[in-house]
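Below is one structure, written out as structure tokens; comments come after it.
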Amino acid sequence: MLEKEYYPQQIEKKWFDIWEKQNPYKTPNDSDKPKFYALSMLPYPSGKLHMGHVRNYTITDVIARFKRAQGYNVLHPMGWDSFGLPAENAAIQHNANPQKWTLDNIAYMKKQLKMLGLSIDWDREVTTCLPDYYKWTQWLFLQLYKKGLAYKKTAPVNWCEKCATVLANEQVIDGKCWRCDSEVTKKNLSQWFFKITQYSEELLEDLKLLEGWGDNVKTMQQNWIGKSSGAILKFKVKELDGLEIPVYTTRPDTAFGITYLVVAPEYKDIEKLTTAENKASVEEYRANAKKLSEIERLSTERIKTGVPLGTHIINPFTGRVCPIWVADYALVDYGTGAVMAVPYHDERDFDFAKKFNLPMVQVITGENFAEGKCYTEKGTLINSDKFNGLNFEQAKKAITQYAVDNGFGEFKTQYRLRDWLISRQRYWGAPIPIVYCPNCGEVALDEKDLPVLLPTDVDFSVTGKSPIETSPTFRYTTCPKCGGKAVRDMDTMDTFVCSSWYYMRYTDSKNDKECFNRDIINKWLPVDQYVGGIEHAILHLLYSRFFTKALRDCKLLDFDEPFKNLLTQGMVLKDGSKMSKSKGNTVDPDDIYKNFGADTARLFILSDSPPARDFDWTDAGVEGCYKFILRVYRLYSKFQDKINLNPSFDPKTLSKRDDNFLREAHISIKKITNDIEAEFQFNTVISRYREFTNAIYEYIKDENNINYDVLSFALLTLLKLISPVCVFMAEEIYSELGAKTSIHNTPWPKYDENLAKSSMITLIVQVNGKIKDKIEASQGLSKDELEALAKASAKVIEATKDKTIVKTIVVVDKLVNIVVK
RNA sequence: GCCCUGGUGGUGGAAUCGGUAGACACGUCGGACUUAAAAUCCGAUGAGGCUAAUAACUUCGUGCCAGUUCAAGUCUGGCCCAGGGCACCA
């Protein structure tokens, strides 16, 4: 029997061409089968695929193929998150056209994806930078606008000098720009926001529904939303009749310990609160605060600074007259922008009071209390008049209630989440469909006038302003309300707006009448399995959840959460460290295709680590997988003429040897099916491929003792089990065996529970928990029989002589433990 | 500081319910085939002790210290370390 060699490059090219013609994974919206929506996070077309993409899309593809084989109508689409700064920067640097740059990249990467053998319905592809998509992004903006969820306001916003644009809070990482890593400053600008804070409570509460999400992602979102409960307390200003300063606190129980008050440098009433003699120093302090970068200002290590305003408040609980200070440790955009200071029980206040010699009053005591040290634990009240002796919970409630009853307070729940700033002062994005009319003011465009097309007559060489502003034609338009002259909003939308709804568009991507169809989207969504990187734990995933809830409230769809199950895959490393262009340790998928084939890449990227963990790419590992593929192929080519596509045999009449071999097949189906279904443990799935393959090689060693029907069954089973991973090789072998259909259209094999079980077991015999013997025994023996068997063991007799048997534990079909003294 | 995730051989990792720790690989070593090499195939491989050596036997071993149990990688309590997230959020 001659063995043929396998040449993956040629074989993969052959099937690539066939699949290219057929689009074999075209998915109907109408089907009797149950639906399954498998989704990968859509790529940004930066130029070439990287290994992170390969890992992400291979995982999703294997899931999609597995579910398809199990009889689901599987939606597995792909698209391009194609607006964004890199295209614009390429335009600025090489004088390229951003659209051409982007579409060229898409064409290249699309080919790379197809070469990877992904089972995608390419007819549903979406490209967010094309008018047939961004028309609907603009349309959705208008729906949010009508619903009051999109609004414009002037506020201090995050500004990245290098990118020359504003950023959302979620895009500022440690005070730096998420994209270019340069320091972010604050600027006061009039900008568009989405009112995500309206959904703070629901976004937090519904995390509980997301059982298919990892705790890490849920906790990150929970922390980001940052719910706290406390009270607003209002303080009268002694010197200014009628003026009150409200503060937010989570510790109303410490109200008797207030000795001063702090307002943020940007606090709205600060000028009124400053006395004439303090004016100069306060002005100077505020000017300095403005100059500080966010990083400097928010550093917890920084020594506290501040100056007194000269005015005072009266603590309504104690009657104490307390000075008001300005200090930048109070933040203008959290709570009320003012803080009540209780130095004895808050570390920041404590540091500040120490530095400026402000008085401290102890009002809480409890375990670990130490005189003269800041005590922040929740203890028992003292020095608090009628509230003395109460614990934290009681005091919090009683003191707030007292403030409510006396008209100077209220219960308050506070969130850290801020509204989503979506305007960008850049060209390559979806224009905001709003115009400004001298007569009518801010006017939303009519839906029939969409899309607002990006102008092409722009000059990318300008600095200091958005290139879009250089268009001579874009700015001026007519007011849809009065027909008079009007100017457009010159900003574009954050690309995260585009990516907050792309998975909805896939359901009906060619629809030019609607953004998506309500019936169709209700059928497909929520996404059954979403796969992507952890870096979107807050940004994209939170925004998409918000979009879903907002569009539900706009009556466009009828579900509450977009992604039922989420798999966040780990990073791809090279020899233990992060792949990066600067380190020069990247691996180019094209090289892997060329040298080993896409099947090897797919097999390897799934083989060594579970999907959620980081994966270490090594050259030795790739070669190991390549060899395995060749080894599998050899097996089939060796028996090509003997393999029966419809093997038939009676399992009851098989020889012991054949029966044991058949069991390997059933065990493999069981284990692989379970490992995919439970947690997508592809690394153990692949281990089982190898074990099964080894078992087949073991079986065929004795060439004169082969039952070819059983062997055919085993080989066909292995082929199907391996087909979601090694898609080209499986198809090639199947067709070489003479099959007329694609292996990818055949059903997933079923295992027989009885055939997966052995009639024999290995009984573990322990004495005092230490293994003394292993005995082959038939399965299903009674406890007494097992105990007798164990006690008959020579090794057990040896180990128990001169000792008393205290008791014997028998676990059926597994183990006997004899306890002796 | 708070929260999440993880810690198992030289390496990646495996181990439904507490029941044979180290599956499957990579690497290393040895052997077969070959003029030779590659490829392929076969075997060994947690650390130590005993032994002339092998087999047999035996001790230790899943970050650390306790505990529960006939039995702990797995359960409980307390720590340590690494990675990630949040953080002058009152």
Side-chain angles (χ1 to χ4, degrees), chain A residues 3 5 173-174 214-224 226-228 230 247-251 254 262 297-302 304 327-331 333-342 345-349 351-352 376 414-418 534-535 537-538 570-571 573 575-576 604 607-610 612-625 627-628 630-631 634 671 674 678 681 683-694 697 701 762-771 773-774 795 798 806-811 813-820:
Chain A
E3 292 168 34
E5 260 309 326
I173 315 291
D174 292 333
D215 283 343
N216 51 346
V217 179
K218 284 192 276 190
T219 330
M220 277 159 79
Q221 291 213 355
Q222 192 181 319
N223 290 343
W224 190 259
K227 181 178 181 174
S228 69
V247 304
Y248 171 72
T249 179
T250 54
R251 294 295 301 270
T254 63
V262 178
R297 169 150 181 197
L298 296 179
S299 164
T300 47
E301 270 95 69
R302 221 175 115 241
K304 301 255 173 315
D328 61 9
Y329 81 87
L331 307 174
D333 52 1
Y334 184 78
T336 62
V339 185
M340 65 179 222
V342 186
H345 305 292
D346 180 281
E347 294 205 11
R348 292 152 304 186
D349 301 343
D351 292 347
F352 193 84
T376 57
Q414 185 75 36
Y415 301 88
R416 218 182 54 97
L417 185 68
R418 312 289 155 81
I534 185 82
E535 67 275 16
I538 293 171
M571 279 191 300
L573 312 174
D575 301 318
F604 180 47
S607 67
D608 268 5
S609 305
R613 268 198 240 178
D614 286 351
F615 175 85
D616 198 8
W617 184 281
T618 59
D619 294 339
V622 187
E623 277 165 38
C625 287
K627 285 181 191 172
F628 175 69
L630 300 184
R631 179 171 152 87
R634 273 198 303 276
K671 179 152 174 48
N674 289 346
Q681 274 208 42
N683 54 330
T684 54
V685 167
I686 288 162
S687 293
R688 190 59 214 173
Y689 292 163
R690 292 178 185 275
E691 285 178 284
F692 191 19
T693 305
N694 290 344
Y697 267 101
K701 262 186 186 168
T762 305
L763 182 71
I764 303 302
V765 183
Q766 300 178 325
V767 174
N768 283 353
K770 303 237 185 240
I771 294 164
D773 205 356
K774 296 173 189 181
K795 288 171 187 163
E798 172 67 22
V806 182
K807 66 172 161 178
T808 307
I809 287 104
V810 183
V811 182
D813 288 346
K814 226 166 219 165
L815 142 157
V816 174
N817 186 15
I818 299 163
V819 186
V820 298

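Per chain, numbering begins at 1; letters A, B, ... match sequence-line order.
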**Asked** Checking A:S609 side chain against A:D614 main chain: does a donor-acceptor pair fall under 3.5 Å?
**Response** yes
**Request:** Could you tell me whether the side chain of A:T808 reaches within less than 4.5 Å of the side chain of A:I818, counting heavy atoms only?
**Result:** yes
**Request:** Test for a donor-acceptor pair under 3.5 Å between the base of B:A23 and the side chain of A:S687, counting only N and O atoms.
**Result:** yes
**Request:** Report the distance from atom NZ of A:K227 to atom C1' of B:C86, rounded to the nearest whole Å.
**Result:** 18 Å
**Request:** Name the orientation of the base relative to the sugar in B:C17: syn if the glycosidic angle is within 90° of 0, else anti.
**Result:** syn
**Item:** Closest non-hydrogen atom pair, A:D616 against A:F604
**Value:** O-CZ, 4.0 Å
**Message:** Can a donor-acceptor pair be found, under 3.5 Å and without considering hydrogens, that links the side chain of A:Q221 to the backbone of A:A537?
**Reply:** yes
**Request:** Using the C1' atoms only, state how far B:C42 lies from B:C33, rounded to an integer number of Å.
**Result:** 11 Å
**Prompt:** Is there a side-chain polar atom (N or O) of A:Q681 under 4.0 Å from OP1 or OP2 of B:A15?
**Reply:** yes
**Request:** Give the rounded distance in Å between these two atoms: NZ of A:K218 and C1' of B:C4.
**Result:** 12 Å
**Request:** Respond yes when some side-chain nitrogen or oxygen of A:Y329 is under 4.0 Å from OP1 or OP2 of B:A90, and no when none is.
**Result:** no
**Asked** Does any nucleotide pair with B:A52 by Watson-Crick or G-U wobble geometry, both distances under 3.5 Å, and what is it?
**Response** none
**Request:** Both distances under 3.5 Å, Watson-Crick or G-U wobble: report the partner of B:C17, or none.
**Result:** none
**Prompt:** Now, which nucleotide makes the Watson-Crick or G-U wobble pair with B:C89, with each of the two distances under 3.5 Å?
**Reply:** none
**Request:** Would you kindly give the CD1-to-C1' distance between A:I173 and B:G84, to the nearest whole Å?
**Result:** 12 Å
**Request:** Please give the nucleotide sitting opposite B:C64 as a Watson-Crick or G-U wobble pair, both distances under 3.5 Å, or none.
**Result:** B:G78
Check nucleotides 40-48 of chain B against the protein and report each pair of N or O atoms closer than 3.5 Å, with its distance, or say if there are none.
residue: B:U40; atom: O3'; partner: A:R634; partner atom: NH2; Å: 3.4
residue: B:C41; atom: OP1; partner: A:R631; partner atom: NH1; Å: 2.6

**Request:** Look at the side chain of A:Y697 and the backbone N and O of A:R631, then say whether any donor-acceptor pair between them is shorter than 3.5 Å.
**Result:** yes
**Non-hydrogen atoms of A:I538 and A:M220 that approach each other most closely** = CD1-O, 3.9 Å
**Asked** Is A:I771 close to A:Q766 at the side-chain level, that is, under 4.5 Å between some pair of heavy atoms?
**Response** yes
**Asked** Base, sugar-phosphate, or nothing: which does A:D351 touch, judged by heavy atoms less than 4.0 Å apart?
**Response** nothing
**Message:** Checking the side chain of A:D346 only, and the main-chain atoms of A:A341 only, is there a donor and an acceptor separated by less than 3.5 Å?
**Reply:** no
**Message:** Syn or anti for B:G9? Use the chi torsion, O4'-C1'-N9-C4 for purines and O4'-C1'-N1-C2 for pyrimidines, with syn inside 90° of 0.
**Reply:** syn
**Prompt:** If the C1' atom of B:A23 is compared with that of B:A14, how far apart are they to the nearest Å?
**Reply:** 5 Å
**Message:** Ignoring hydrogens, what is the shortest heavy-atom contact between A:V262 and A:A330? Give both atom names and the distance.
**Reply:** CG1-CB, 3.8 Å
**Asked** When rounded to the nearest Å, what value does the distance between C1' atoms of B:U11 and B:G46 take?
**Response** 13 Å
**Asked** Can you check the A:Y334 OH to B:A87 P distance for me, whole Å?
**Response** 12 Å
**Prompt:** Can you check side chain to side chain contact (heavy atoms under 4.5 Å, CB included) on A:K795 and A:V767, steps first, answer last?
**Reply:** CA-CA 10 Å; A:K795 288 171 187 163; A:V767 174; over 6 Å; no
**Request:** Can you tell me, in whole Å, how much space there is between the C1' of B:C88 and that of B:G13?
**Result:** 43 Å
**Fill in**
Testing B:C88, B:C24, B:C4 for proximity to the side chain of A:E691, the answer is B:C24
**Request:** Using a cut-off of strictly less than 4.0 Å, decide whether A:N683 has a side-chain nitrogen or oxygen near OP1 or OP2 of B:A25.
**Result:** no
**Item:** Rounded distance in Å between the P positions of B:A25 and B:C79
**Value:** 42 Å
**Message:** How many whole angstroms separate atom CD1 of A:I538 from atom P of B:C3?
**Reply:** 17 Å
**Complete:** Ranking A:T618 and A:Q414 by the position along RNA chain B of their nearest nucleotide, the one closer to 5' is A:T618
**Request:** For B:G7 versus B:G73, give the span between their C1' atoms, rounded off to a whole number of Å.
**Result:** 11 Å
**Message:** Looking only at the side chain of A:D346 (C-beta and beyond, no hydrogens), which of the listed nucleotides B:G12, B:U5, B:A90 gets closest?
**Reply:** B:A90
Please tabulate, one pair per line, each protein N/O and nucleotide N/O from nucleotides 19-22 of chain B that are separated by under 3.5 Å, including the distance.
residue: B:G19; atom: N2; partner: A:Q766; partner atom: OE1; Å: 3.4
residue: B:U20; atom: O2; partner: A:K774; partner atom: NZ; Å: 2.9

**Asked** Contact class for A:R348 (heavy atom, under 4.0 Å): base, sugar-phosphate, or nothing?
**Response** base
**Item:** B:C64 to B:U58 separation - P atoms, rounded to the nearest Å
**Value:** 25 Å
**Message:** What is the distance, to the nearest angstrom, from the CZ atom on A:R688 to the P atom on B:C24?
**Reply:** 10 Å
**Request:** Assign A:R613 to base, sugar-phosphate, or nothing according to its heavy-atom contacts below 4.0 angstrom with the strands shown.
**Result:** sugar-phosphate
**Request:** With RNA chain B as reference, determine whether A:G337 or A:N216 sits nearer its 5' end, using the nearest nucleotide of each.
**Result:** A:N216
**Asked** Using a cut-off of 4.0 Å on non-hydrogen atoms, how would the nucleic acid contact of A:K795 be classed: base, sugar-phosphate, or nothing?
**Response** sugar-phosphate
**Partner nucleotide, any strand, of B:A44 [Watson-Crick/G-U, under 3.5 Å]** = B:U28
**Fill in**
Between A:N817 and A:G769 the two heavy atoms that sit nearest each other are OD1-N, 3.0 Å
**Asked** Donor-acceptor pair, A:R348 side chain versus A:K304 backbone, under 3.5 Å?
**Response** no
**Item:** Integer angstrom distance from the P of B:U74 to that of B:A66
**Value:** 15 Å
**Prompt:** Taking C-beta and beyond as the side chain, do A:F628 and A:S607 meet within less than 4.5 Å on heavy atoms?
**Reply:** no
**Item:** Gap between atoms CE and P, on A:M220 and B:G84 respectively (whole Å)
**Value:** 11 Å
**Request:** Find the distance A:N223:CG to B:G85:P and express it as a whole number of Å.
**Result:** 12 Å
